[in-house]
A.B. asks: 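Below is one structure. I have some questions about it.
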Amino acid sequence: MKAFLLTLAALVLLSQVTSGSAEKCWNLRGSCREKCIRNEKLYIFCTSGKLCCLKPKFQPNMLQR
C-alpha cells in the first residue's frame with residue numbers, strides 16, 4: 001500500500017512539470033513563449049497573449065511592394 005501511494009504521489013508531481021512550451025501556433029510549427037529564443041522571430045501572437053516564435057525555415061515570405 002505504501003508503494004502504491006508513493007507511486008501515485010510521484011506521478012502527480014511529475015504531471016505538474018512541463019518541459020518547454022506545450023502551446024503550439026502557426027500550424028503547429030511555432031511555439032508560444034514569453035520571449036523568442038535565438039534564431040526565432042515573432043510573427044503573430046498566441047491566443048494566450050504570448051509570442052508565436054517561428055524558426056526561419058517556417059516563417060512566411062512577406063510581399064514587398
Side-chain angles (χ1 to χ4, degrees):
M1 184 67 174
K2 288 182 182 180
F4 173 74
L5 291 176
L6 182 61
T7 303
L8 184 62
L11 289 175
V12 169
L13 290 174
L14 288 175
S15 69
Q16 299 299 317
V17 177
T18 57
S19 60
S21 176
E23 188 179 2
K24 293 289 189 178
C25 57
W26 195 252
N27 297 327
L28 301 176
R29 294 180 177 170
S31 298
C32 297
R33 296 191 171 104
E34 294 291 330
K35 184 178 178 184
C36 295
I37 59 175
R38 191 181 75 175
N39 294 333
E40 291 184 336
K41 292 189 180 180
L42 164 69
Y43 183 64
I44 58 173
F45 287 96
C46 299
T47 55
S48 63
K50 294 181 180 179
L51 308 175
C52 180
C53 301
L54 295 171
K55 293 183 180 181
K57 65 181 178 180
F58 296 127
Q59 292 173 5
N61 293 331
M62 297 294 195
L63 295 176
Q64 295 179 355
R65 293 184 182 200

A.B. asks: If every non-hydrogen atom of W26 is compared with every non-hydrogen atom of F58, which pair is closest and at what distance?
C.D. replies: NE1-O, 3.6 Å

A.B. asks: With a 4.0 Å cut-off, would you call E23 and R33 a salt bridge?
C.D. replies: no

A.B. asks: Name all residues meeting the side-chain contact (heavy atoms from CB on, under 4.5 Å) criterion together with K41; count only those two or more places apart in sequence or in a different chain, and write none if there are none.
C.D. replies: Q59

A.B. asks: Is the gap between the SG atoms of C46 and C32 under 2.5 Å?
C.D. replies: yes

A.B. asks: When Ile, Leu, Val, Met, Phe, Trp and Tyr are grouped by side-chain heavy atoms lying under 4.5 Å apart, directly or through other members, which residues fall in the same group as L42?
C.D. replies: F45, L51

A.B. asks: Rounded to the nearest 0.5 Å, what's the gap from CG on N27 to CG on L54? Could you check?
C.D. replies: 9.5 Å

A.B. asks: Between C53 and K35, what is the shortest heavy-atom contact and its length?
C.D. replies: SG-C, 4.3 Å

A.B. asks: Could you measure the distance from the SG atom of C25 to the NZ atom of K50? Nearest 0.5 Å is fine.
C.D. replies: 11.0 Å

